[in-house]
Every structure is written in structure tokens, then in C-alpha cells.
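Numbers restart at 1 for each chain; the letters A, B, ... are given by sequence-line order, proteins then strands.
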Amino acid sequence: MVMPPAILSARGVRKAYAGKVVLDGIDLDVQQGEAVTIIGASGSGKTTFLRCLNWLERPDAGTIRIDTQVMGRTGSVVATERVLAAQRRLFGFVFQRFNLFPHLTALQNVALGPRRVLGQGREQAEALAERELRRVQLGEHMHKRPSQLSGGQQQRVAIARALAMEPRVILFDEPTSALDPELVQEVLDTMRTLASEGMTMLVVTHEMRFARHVADRVVFMADGVIAEQGTPEALFGAPADPRLQRFLRHLEPSA
Amino acid sequence: MIFDWNVVWYAMPLLAHGVVMTLQVSVVAGVLGLAIGLVAGLASLSSFRVLRGVVRGYVDFIRGTPLLIQIFLVFFALPVVGVRLPEYWAGVVALAVNSGAYISEIVRGSVGSVEKGQAEAALSIGMTRSGVLWWVLLPQAWRPMVPPLTNDLITLTKNSSLLSAISVYELTRAGQAIIATHFAPFEIYLLLALYYYLLISVLSWASRRLERSLPQW
């Protein structure tokens with residue numbers, strides 16, 4: 001089978017902090033419409049990799065291609081701040097701790113990007129924001145501030161905020177790790193819906209049920225590299241890498 | 001010793017004129033200082049190294065030298081290079097430039113204290129650094145700025161008494177003039193202290209009102 005060109009492609013991504021290597025050369029391709037989960041023990045570099053993709057952290061080496069653009073480059077020269085900002089917009093990013101803007105209502109949180117980045121008028125931006133909030137089942141809460149919403153609702157607002165910018169890919173950084181257990185499901189349901197609608201997603205998660213049942217592909221990271229990847233059936237059914245076998249054994253009770 | 005009530009009754013209305021001048025100097029210098037501080041504070045947050053260095057030098061100079069010397073520099077030294085300001089404006093400029101340095105540090109600190117994830121979230125929806133500052137960080141920084149800003153405006157108001165040294169006829173200078181003619185330092189300085197105290201109390205009260213009226217989330 002001939003694969004179409006990947007919508008997102010990382011090559012040789014490296015990152016070190018104070019001499020400690022966190023990412024040791026990562027290659028990954030993500031196809032349009034694919035839902036990929038990244039699993040792995042704490043400290044394996046999953047989150048850093050995600051943050052390097054949209055250049056929240058600048059990779060030390062390697063290239064990241066999103067759609068037709070190479071992150072941080074304009075042709076063969078270093079991109080200006082303005083160009084980099086526009087490239088970053090091709091990614092949505094959902095944070096573990098939501099990072100909603102506390103001084104704005106849910107509606108304003110979602111409308112801020114369309115207004116101030118895309119330059120839409122207020123009415124247009126708020127109409128768009130309302131649509132996105134309804135899409136994550138939060139239509140009736142749109143005039144509340146983040147502090148008036150539950151963690152699960154806040155995370156869904158954050159997802160709507162990312163969606164409003166019409167990203168090519170949405171990156172999720174442990175989106176349910178900061179939530180009380182009873183609030184996890186509503187966020188996972190939202191993500192499952194997005195995946196079924198064909199949204200391209202890259203999800204760092206500890207939710208093995210999500211990795212098993214929603215993801216098209218599972219990537220296992222260890223020691224700053226991709227140690228193994230494949231379909232959920234292959235990875236969970238017949239893990240080859242000993243580090244993955246150990247990782248899955250420790251998870252067994254909850255998975 | 002005998003407390004001379006007569007000189008107190010005599011001085012009170014005269015000093016009221018001084019209060020008006022002190023208030024006027026403080027308000028004008030305060031507004032200018034806020035403007036300088038805001039601009040310098042934002043400059044110190046910019047990505048231009050040279051701009052940051054200039055602000056750094058300015059703040060260092062102001063912090064490292066006495067206000068009285070700064071006032072003398074503006075009033076006595078600037079004319080040498082051709083900038084001649086009347087007492088009033090020399091005083092206002094010196095106070096504004098002085099408080100502007102401290103206020104720029106408040107602006108920088110308040111913006112810097114906004115949680116790091118806020119800037120990341122704003123970057124992640126495609127904002128440039130200046131957009132992040134303007135639409136996300138500054139709106140959250142106003143409220144924490146108010147208490148330290150009030151402190152600085154109170155300090156500025158008290159510092160305005162130093163302008164008596166260049167003959168600005170503000171509260172302290174007005175008191176000194178009465179002392180010179182009536183030889184009642186005990187009564188008059190006590191009265192001056194009381195006037196300043198009342199002035200500052202009103203400022204503190206207004207600041208608490210302002211802080212409470214700012215939106216909370």
C-alpha cells in the first residue's frame with residue numbers, strides 16, 4: 001500500500017536539558033485523520049516530544065514538518081517570530097492543567113484566538129466559539145469563568161479553544177491526568193468523538209483504555225526514543241520490547 | 001514648654017495651600033511616573049536586548065542614587081546642558097523619573113508572576129510574544145499590581161517634601177516659611193506630620209477601594 005504524505009512528520013528530534021538527554025532522535029509520521037497515542041513511563045520524554053512538535057520547546061536538532069511547513073524555518077532561513085507563531089497555529093495543544101485564561105469566560109477563552117490571531121470581528125469570533133463549545137457539549141456554560149467550571153468542563157473548553165483555530169493536528173498532553181476520576185470519562189468521550197470525526201490527534205496519556213480502544217496506533221517511548229509502535233492489538237497483545245513488557249505488567253490491574 | 005495654639009490656628013489655612021500644591025505635584029508626577037513605569041516595564045519584558053539593557057541601567061541608576069541628588073541634577077545640572085526647567089517642573093520630572101523606575105519593576109514583576117502555562121496556552125493558539133503580553137498576561141497582572149503601586153504612590157507623595165529644597169512651595173516648604181517667621185518648629189512640624197498622615201490615609205483607603213473594585217476570578 002502506498003501511504004499518502006504524512007500531515008505531521010518528525011525526523012531526528014533531539015532535546016537535552018543541562019546535559020541530560022531527554023529526546024535522543026525521534027522519528028514519527030502521523031497520517032491525516034490518524035489518532036496516535038504515546039505511552040511510556042514518567043521521564044521517558046513523551047511530554048517533551050509533544051512540546052517540541054509545536055516548538056513550545058525548541059528542539060536542539062531535527063526537523064518537524066507540519067502540512068507543507070517546516071517548523072522554525074522559512075525556506076532555508078530561520079523563521080521570524082511572526083512566522084513561527086503562524087506555524088504553531090497549525091497545531092492545537094491541550095494541556096494537562098487546562099491553562100484556560102482565568103479572566104475570560106469560556107466563550108471569550110475560545111473566541112480569543114479567532115479574534116486576536118485570525119483577526120475576526122467580535123460577532124464572528126463569538127459565533128464560532130459558541131459552535132465549538134456546543135460541539136463539546138458546553139453550550140449552556142459558555143458565559144461562565146473557568147473557576148466556575150469543573151475540571152472536566154474546563155478541559156473541554158480547552159479542547160474547544162484548540163478546535164476554534166482549525167488546527168491540522170491536535171496535541172494532547174496527558175489531558176485527563178489532572179482530573180478527578182469521575183470527570184475523566186467526559187473528556188475521553190469528547191476525544192473519542194473527535195477521533196471518529198477524523199481529527200488528526202496525537203495523545204500522550206496514561207489512559208490505557210483510550211490507547212487500546214480509540215487509537216489507530218500506539219507509540220511506546222522509553223529513554224528518549226520510540227522503543228516500539230504498532231496497532232493497539234499488536235502492542236498490547238504481543239509486546240516485543242522488554243521495557244514495554246515491564247511497563248504493561250505494572251499497569252495490568254487498571255488496564 | 002507651652003504649646004502655642006495661636007500659631008496652629010494661624011498656620012492651618014496657610015498649610016492648606018501647601019497641601020493643594022503637594023497633591024498637585026504628586027498627582028502629576030504620579031501619572032507621569034505610571035506612564036514611564038509602564039513603558040519601561042514593558043520594555044524590560046521585550047525581546048530586544050538593547051532595550052532591556054537601557055531599562056536595566058535606568059533602574060540601577062535611580063535605585064543607586066538618593067532622590068535629593070536626582071532632584072538637584074534635574075534642577076541645577078540640566079541647565080548646564082541647556083535644559084532649564086522652572087522649580088515646579090524640575091520637581092515633577094525628578095519625582096516622576098524616580099517613581100517610574102520603581103513602577104517599571106512592579107510591572108515587570110506582576111507580569112512575570114502570571115503562571116507560566118498562561119503564556120504557553122496563548123502561544124499555542126498562535127499568538128506572538130507581544131500578543132501574549134497584551135491579551136493574556138497584562139489583563140491578569142493589573143490586580144496584583146495595585147497594592148505595590150499604592151505603596152509607591154504613597155512614597156512619592158511623602159518624597160514630594162524634598163522639593164522644598166528647590167523652593168517648590170508645597171506643604172513642607174509652606175511649613176518652613178511659617179517657622180521662619182514665627183519660630184514655632186514644634187507646633188508646625190507636628191502639624192505637618194499630621195497633614196501628611198491624613199493625606200496618606202486617604203490614599204491608602206482609596207487604594208483598598210480600587211483593589212476591591214477590580215474583577216476577581
Would the number of heavy atoms belonging to other residues, nucleotides or ligands and lying under 6.0 Å from CD of A:E123 be above 12? no

Examine distances only and state if a side-chain atom of B:E120 and a backbone atom of A:L56 form a donor-acceptor pair shorter than 3.5 Å. no

Tell me if the CZ atom of A:R11 is crowded by more than 12 foreign heavy atoms within 6.0 Å. yes

Under 4.5 Å, heavy atom to heavy atom, which residues of residues 85-113 of chain A contact chain B? A:A85, A:R88, A:R89, A:F91, A:F93, A:F95, A:N99, A:L100, A:F101, A:P102, A:H103, A:L112, A:G113

Partner residues of A:D60 under the side-chain hydrogen bond (donor to acceptor under 3.5 Å, both in side chains) criterion, sequence neighbours left out: none

Which atom names give the shortest non-hydrogen contact between A:N54 and B:S124, and what distance separates them? ND2-CB, 4.3 Å

Check: residues 40-48 of chain B side-chain donor-acceptor pairs under 3.5 Å, at least two apart:
from: B:S44; atom 1: OG; to: B:G41; atom 2: O; distance (Å): 2.7
from: B:S46; atom 1: OG; to: B:A43; atom 2: O; distance (Å): 3.1
from: B:S46; atom 1: OG; to: B:F48; atom 2: N; distance (Å): 3.1

Within residues 145-162 of chain A, residues adjacent to chain B where the heavy-atom gap is under 4.5 Å: A:R145, A:S147, A:R161

Check each atom of B:R143 against the heavy atoms of chain A and say whether the ones under 4.5 Å are side chain, backbone, both or neither. neither

Does atom OH of A:Y17 have more than 12 heavy-atom neighbours from other groups under 6.0 Å away? yes

When you look at CD of A:E166, are more than 12 heavy atoms from neighbouring residues, nucleotides or ligands closer to it than 6.0 Å? no

Verify the neighbour count for atom CZ of A:R73: are there more than 12 heavy atoms of other residues, nucleotides or ligands below 6.0 Å? yes

Got a sec: does the CZ of A:R122 have more than 12 other heavy atoms crowding it under 6.0 Å? no

Most heavy-atom pairs under 4.5 angstrom with chain B, which of A:R116, A:E81, A:M165? A:R116

